[in-house]
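Start at 1 and go down the list; that is how both ligands and their atoms are numbered.
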Amino acid sequence: MKECCAFLLLLLFICPLGFYLYTIEYGTKLSPDFYAHSCPQVEDIVIDVLATTIATETRMAASLMRLHYHDCFVQFFFGCDGSLLLDSIGGIVSEKNSVFNSQSVRGFEVIDQIKAQLEKECPGTVSCADVLTLAARDSSVLSGGPSWVVPLGRRDSINASLSGSNSNIPASNDSFKAILRKFNRHGLDVTDLVALSGSHTIGFSRCTSFRQRLYNQSGDGRPDITLEESFAANLRKSCPIAGGEENLSVLDMVTAAKFDNNYFINLIKNMGLLYSDQILFSGNDISRGLVITYAQDQEVFFLQFAESMIKMGNISPLMGSNGEIRKNCRKINS
Ligand code: HEM
């Protein structure tokens, strides 16, 4: 028994994977039925708010999908736990200030709206982390993408990690190896990387995120990748060599607001907007093969996207008596 406890402690404190396995094997599990009795209307509330919002602003689907990703990709003890939603109040330094989030992530007021509705109907029951996860799934559905059953029961963190956000979210000019390493750190593999990058089939990027790709792609271990010339010429009009940092370009210039497999077709034509997009086609044989498969068969992409989103949503959830159910997603309860 003593040995068993010592082993568990070792897993908990030394081996992050061990903690993950512990929660799966011995602790509570996320479950699609988690709110079946306590808040059976949760999924209806989320999709109703989103349907109205996305009907007036299609981009919001992309922004909410990205919020979930940036919430999950912080660090081991800060996975999909709503930490991204916390404002800088008291001792908390908000992840909203990280290099990847500042001036970039959006959609917090939509999450507030959903949460306010949930607090009216099922007070203190549904976590902000679960709201983010459901909103990501519904954003896919409302943009024409796949649906999937969302495991629920995450709890909310009572802290945030600015440094974790800065160091664990991949940068758009990271090398293929560096990006894959960051995915591997969260238990995601090259298939997850390629499939999840397919979310760049919707949404926008600021000029500052792809300028290097337009004007000076090589260096720092990054191989040069030739951009399709007319595509590049067009991009340079809205993204000059200096200034215009915040100018927006669509991530998928063919079907910008539709969740489909055009993103992968673009990559084959050297028309990936971000360096991190295009590198999937030239990065290694496996990723190249996956890009070709998804470009040829949207159904295969959709199935893998759904599977990888569930996997991403399972990164280090807080469960049981860990964390709390925040009343307001922007601040901890006490
Ligand atoms: C593979 C590593 C990734 C990198 C380097 C990356 C990078 C970026 C960058 C630079 C932007 C534009 C941000 C801006 O300029 O303000 C962006 C937008 C976006 N990203 Fe990613 N991303 C990655 C993976 C993902 C994943 C895994 C998801 C979701 C599952 C995702 C969803 C999105 C969406 C939907 C947008 C558009 C957001 C909007 O229009 O508001 N990205 N990403």
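- Val105 pairs by the side chain to side chain contact (heavy atoms under 4.5 Å, CB included) definition with Arg66, Leu67, His70, Asn101, Phe108, not counting sequence neighbours.
- Side-chain contact of Ser63 with Arg106: a donor-acceptor pair under 3.5 Å is present, judged by distance alone.
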N or O contacts of ligand 1 with protein under 3.5 Å, please list pair by pair.
| unit_1 | atom_1 | unit_2 | atom_2 | d |
| --- | --- | --- | --- | --- |
| ligand 1 | 15 (O) | Ser205 | OG | 3.4 |
| ligand 1 | 15 (O) | Arg206 | N | 2.8 |
| ligand 1 | 15 (O) | Arg206 | NE | 3.2 |
| ligand 1 | 15 (O) | Ser209 | OG | 2.6 |
| ligand 1 | 16 (O) | Ser104 | OG | 2.6 |
| ligand 1 | 16 (O) | Arg206 | NE | 2.7 |
| ligand 1 | 20 (N) | His200 | NE2 | 2.9 |
| ligand 1 | 22 (N) | His200 | NE2 | 3.0 |
| ligand 1 | 40 (O) | Arg59 | NE | 2.8 |
| ligand 1 | 40 (O) | Arg59 | NH2 | 3.4 |
| ligand 1 | 40 (O) | Phe204 | N | 2.8 |
| ligand 1 | 41 (O) | Arg59 | NE | 3.2 |
| ligand 1 | 41 (O) | Arg59 | NH2 | 3.1 |
| ligand 1 | 41 (O) | Ser63 | OG | 2.7 |
| ligand 1 | 42 (N) | His200 | NE2 | 2.9 |
| ligand 1 | 43 (N) | His200 | NE2 | 3.0 |

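- Between Lys96 and Asp87 a salt bridge is recorded (basic side-chain N to carboxylate O distance below 4.0 Å).
- For Glu119, the side chain to side chain contact (heavy atoms under 4.5 Å, CB included) partners are Lys115, Pro123, Lys327, not counting sequence neighbours.
- Under 4.0 Å is where a charged nitrogen must lie from a carboxylate oxygen, and between Arg236 and Glu229 at least one such pair does.
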Pairs under 3.5 angstrom only: tabulate donor-acceptor contacts from the side chains of residues 37-45 to other protein residues two or more places apart or in another chain.
| unit_1 | atom_1 | unit_2 | atom_2 | d |
| --- | --- | --- | --- | --- |
| Gln41 | NE2 | Glu121 | OE1 | 3.2 |
| Glu43 | OE1 | Arg137 | NH2 | 2.8 |

